[in-house]
Number of protein chains: 2
Amino acid sequence: MLTDRQMMILRMIVDNYVLSAEPVGSRTISKQTDLGLSAATIRNEMADLEELGYLEQPHASAGRIPSQTGYRFYVDHLLMGDTRLSGQEITRIKSLFTERIGEMERVAQQTALFLSNLTQYTAVVLGPQVYDTTLKNLQLVALNDHTAVLLMVASSGQVYNRTVSMPEGVSIREMESLVRILNARLSGTPMYRIRSRALEEITHEVSRHMRDYEEAVHLLDQVVTWLESDKEGKVYLGGATNMLLQPEFRDVHKAQPVLTWLERHHDVMEALRSDESTLQLQVRIGGENDVQSLHDCSLVTATYTVGGLPVGVIGLIGPTRMDYARVIPLLGHLSKGLSDLLTKFYVN
Amino acid sequence: MLTDRQMMILRMIVDNYVLSAEPVGSRTISKQTDLGLSAATIRNEMADLEELGYLEQPHASAGRIPSQTGYRFYVDHLLMGDTRLSGQEITRIKSLFTERIGEMERVAQQTALFLSNLTQYTAVVLGPQVYDTTLKNLQLVALNDHTAVLLMVASSGQVYNRTVSMPEGVSIREMESLVRILNARLSGTPMYRIRSRALEEITHEVSRHMRDYEEAVHLLDQVVTWLESDKEGKVYLGGATNMLLQPEFRDVHKAQPVLTWLERHHDVMEALRSDESTLQLQVRIGGENDVQSLHDCSLVTATYTVGGLPVGVIGLIGPTRMDYARVIPLLGHLSKGLSDLLTKFYVN
DNA sequence: TGTTAGCACTCGATCGCATCGAGTGCTAAC
DNA sequence: GTTAGCACTCGATGCGATCGAGTGCTAACA
């Protein structure tokens, strides 16, 4: 186990390195500490800390930088209750969520921008995706004789739409009655049960309203398939180019894989969605990330909820040398605020 | 005016430079040309072309690179009918648009990805935005006692939604009847005329259904404001990080402004939307761009239409040294394909 | 036993300098 | 008008000297 002094030194090294991005020397620490310890003493401690695996030396005559385990220890044991947010920042966070809610989309996008502006890191917000949602409403709006828009509102307030063109032999009228039946019979049904209920109860009723039985079944199947299809949540990015501001990514070849990964929204979603079920705030440091491209990054994520159920994730991606002391409480407050806002709106 | 030979040399220099990103020397041209001209002759011509402003020399003992006017001349006079798309590529473009249309969004996003994959440049697609669209349908779907989703379908097939929370003293029922009235009275109305018609004809009818007259007027005003508010089209990017693949942007400080600009979707929209009304394909080379951050880039845009009316823009952003000979016909085909697809669906 | 001053040592960063080579401009000959 | 030849330019590359921040170790000290 580390002595108190070692912890203090480790902590100072991390704090310094986070700020400067340059290896921290013994003199620097010696000067900053108030327990008048000489550089030589610090050096001894630093050598010990390196042996224990908490520090690293980029090269023989350089200062020390925290190792991955060093950061891990810092995050797990040295940050307890250390919130480095100014009162001003906290009120700014709160005021962000006092606005009227407009579209869900806009809230998510704005949260991402806010986070990235405040931190100079890259923010990721996974749009709300509710698993045990039910079907609220289904509508068909005809655009012309052969095209219509199918609208679906979920109980979580999300709206999905797709354009459908009528197959030969099916009129818009028929399609409208199909949708009317579905709406009447299925509204309130959990999404994942839609198919079974549709097949059980509705098929024959639908076919009564349509001339072509084959087409009727086919069309019904298509609509149901769409309804139950994964409405993959969206990914909102803020400040992706902030990555380029970080000294460790000044080399294009370092930055490129990360930025490219960020463009693959599907992968991003997959990577973050896995943290969702544990309601905890998660910190993934460097190699702790499963994603290869993020091995030089850290990823801090928090889950936000509606009525206590996890529905989405907000997160920050930055270099391993991340300002955890700021980022962690920031995400904490923000996910709380977002949860409260959404809960107020979408829970009865 | 340039001689035929000068044009040929200019053309070869551009072609070479586009490929290699390195200044082109006289020997290179001399070898490639079949009219057995020696390097010295080419050198003379190149000196002339430089004096005329079509070429530049990065430094005294280097080869030549095209100047902005050089590119301009190349694009305007040397590319006529020169389509360097393989037959395979053309069929790939066509097949991209034979799929079923799902959501408009997906089409736009996929077009952007397709373009960026095919070119290694950054693709931008402005989602369809129709100006003289009419209101097709308005719906209110209640989520609970105090929250509902307001849906609007435009005649162009686009769907907009927003969450509304009931003010004190207004019930969901009342709101529903308000929306019903609006729907009955306004559907078919051009968007820009909604406010005047709403105020003229509807205000007093609405107030008959609501207890609180003040609230009624206020609510009506809010809904109308939302309806007529700019439904700003969306911006879809593809391969933004492709920018980093280009040698001219290997330096982070060169790439950063462009990538940051691309993140500001509103600015991107503004910059591209201006080209929309001219149905022509537009080429903006380097400094021809109004946007400062794009002074080292070229922007090629094409408009796509529905029923002959411009509704959106697709474009490519790359270094000034862009493969115009490929990019221009590519955008031409693609905008044509997109226009045809959308027209087939959305025009009766 | 823990702390500290002193000192030799290491190693990246920076600078100057020589070298190399692609490519030019110019001149003279064809 | 075209071309061979040649001196010249200038970025790129490589090498060695120098510099300095920071270390590890030893010996002295409290």
Side-chain angles (χ1 to χ4, degrees), chain A residues 1-10 12-14 16-17 19-67 70 247-248 250-251 254, chain B residues 2-10 12-17 19-67 70 247-248 250-251 254:
Chain A
M1 200 46 206
L2 297 184
T3 67
D4 279 1
R5 201 168 71 180
Q6 284 174 321
M7 290 204 239
M8 207 192 101
I9 291 174
L10 175 55
M12 295 193 76
I13 290 177
V14 174
N16 269 280
Y17 185 62
L19 221 66
S20 69
E22 306 221 318
V24 184
S26 52
R27 259 180 66 85
T28 317
I29 302 295
S30 162
K31 274 198 201 155
Q32 276 178 29
T33 197
D34 38 0
L35 332 155
L37 287 178
S38 80
T41 312
I42 307 287
R43 273 206 290 284
N44 290 329
E45 296 284 30
M46 279 162 83
D48 291 350
L49 280 169
E50 181 170 359
E51 203 164 337
L52 291 168
Y54 295 100
L55 294 181
E56 280 172 5
Q57 230 176 346
H59 58 91
S61 74
R64 301 302 206 293
I65 62 175
S67 70
E248 28 271 275
R250 244 183 322 208
D251 179 7
K254 286 265 182 251
Chain B
L2 297 184
T3 66
D4 279 0
R5 199 167 74 181
Q6 284 174 322
M7 290 204 239
M8 207 192 101
I9 291 174
L10 175 54
M12 295 194 76
I13 290 176
V14 174
D15 283 344
N16 269 279
Y17 184 62
L19 220 66
S20 69
E22 306 221 317
V24 185
S26 52
R27 258 180 67 85
T28 317
I29 302 294
S30 162
K31 275 196 201 154
Q32 276 176 27
T33 197
D34 39 0
L35 333 153
L37 287 177
S38 80
T41 312
I42 307 287
R43 274 207 288 284
N44 290 329
E45 295 284 31
M46 279 162 81
D48 290 351
L49 280 168
E50 180 170 359
E51 204 163 335
L52 291 168
Y54 295 101
L55 295 181
E56 282 171 2
Q57 231 176 346
H59 59 90
S61 73
R64 301 300 206 295
I65 63 176
S67 71
E248 29 271 276
R250 244 181 323 203
D251 178 7
K254 286 265 181 249

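So you know, we letter chains A, B, ... as the sequences are listed, proteins then strands, and number each from 1.
Across all strands shown, dT23(D) pairs with dA8(C); the Watson-Crick or G-U wobble distances both stay below 3.5 Å. Under the Watson-Crick or G-U wobble criterion, with both distances below 3.5 Å, dG14(D) is paired with dC17(C). Across every strand in view, dC30(C) sits in a pair with dG1(D) that passes the Watson-Crick or G-U test at under 3.5 angstrom.
The shortest distance between the side-chain N/O atoms of S26(A) and the OP1/OP2 oxygens of dT23(D) is below 4.0 Å. At the phosphate of dG25(C), OP1 or OP2 sits under 4.0 Å from a side-chain N or O atom of R64(B).
Listed nucleotides: dT4(C), dT9(D), dC6(D). Nearest to the side chain of A60(B): dT9(D). For S38(A), whose side chain is taken as the heavy atoms from C-beta onward, the closest listed nucleotide among dA5(C), dG11(D), dG25(C) is dA5(C). When distances are taken from the side chain of M46(A) to each of dT23(D), dT4(C), dG25(C), the shortest belongs to dT23(D). For R43(B), the side-chain atoms get nearest to dG25(C) when compared with the rest of dG12(C), dT3(D), dG25(C). Distance from the side chain of S61(B) is smallest to dG23(C) among dG23(C), dG25(C), dG6(C).
Contact record, I13(A) with V24(A): O-CG2, 3.8 Å, taken as the closest heavy-atom pair. The minimum heavy-atom distance between Y17(A) and P66(A), with the atom names listed, is CD2-CD, 3.5 Å. Closest of all the heavy-atom pairs between P58(B) and G63(B) is CD-O, 3.3 Å.
Residues L37(A) and S30(A) fail the side-chain proximity criterion, which asks for heavy atoms closer than 4.5 Å.
Between Q57(A) and T41(B), the residue whose closest nucleotide on DNA chain D is further toward the 5' end is T41(B). With DNA chain D read from its 5' end, the first of the two nearest nucleotides for A40(B) and P58(B) is the one closest to A40(B).
Rounded to whole Å, the distance from NE2 on H59(A) to P on dT23(D) is 10 Å. For the pair I65(B) CD1 and dG11(D) P, the interatomic distance rounds to 14 Å; values are reported in whole Å. Between L55(A) atom CG and dT23(D) atom P there is a gap of 11 Å when expressed in whole angstrom units. Atom CD of E51(B) and atom C1' of dG25(C) are 13 Å apart (whole Å). I9(A) places its CD1 atom 13 Å from the C1' atom of dT3(C), with the value rounded to the nearest Å. Atom P of nucleotide dT24(C) and atom CD of E45(B) are separated by 14 Å, given to the nearest angstrom. Protein atom CZ of R27(B) is 10 Å distant from nucleotide atom C1' of dA22(C), rounded to whole Å. Rounded to a whole Å, the CD1 atom of I42(B) is 11 Å from the P atom of dT24(C).
Of the listed residues (D4(A), L10(A), L2(A)), just one forms a side-chain contact (heavy atoms from CB on, under 4.5 Å) with Q6(A), and that residue is L2(A).
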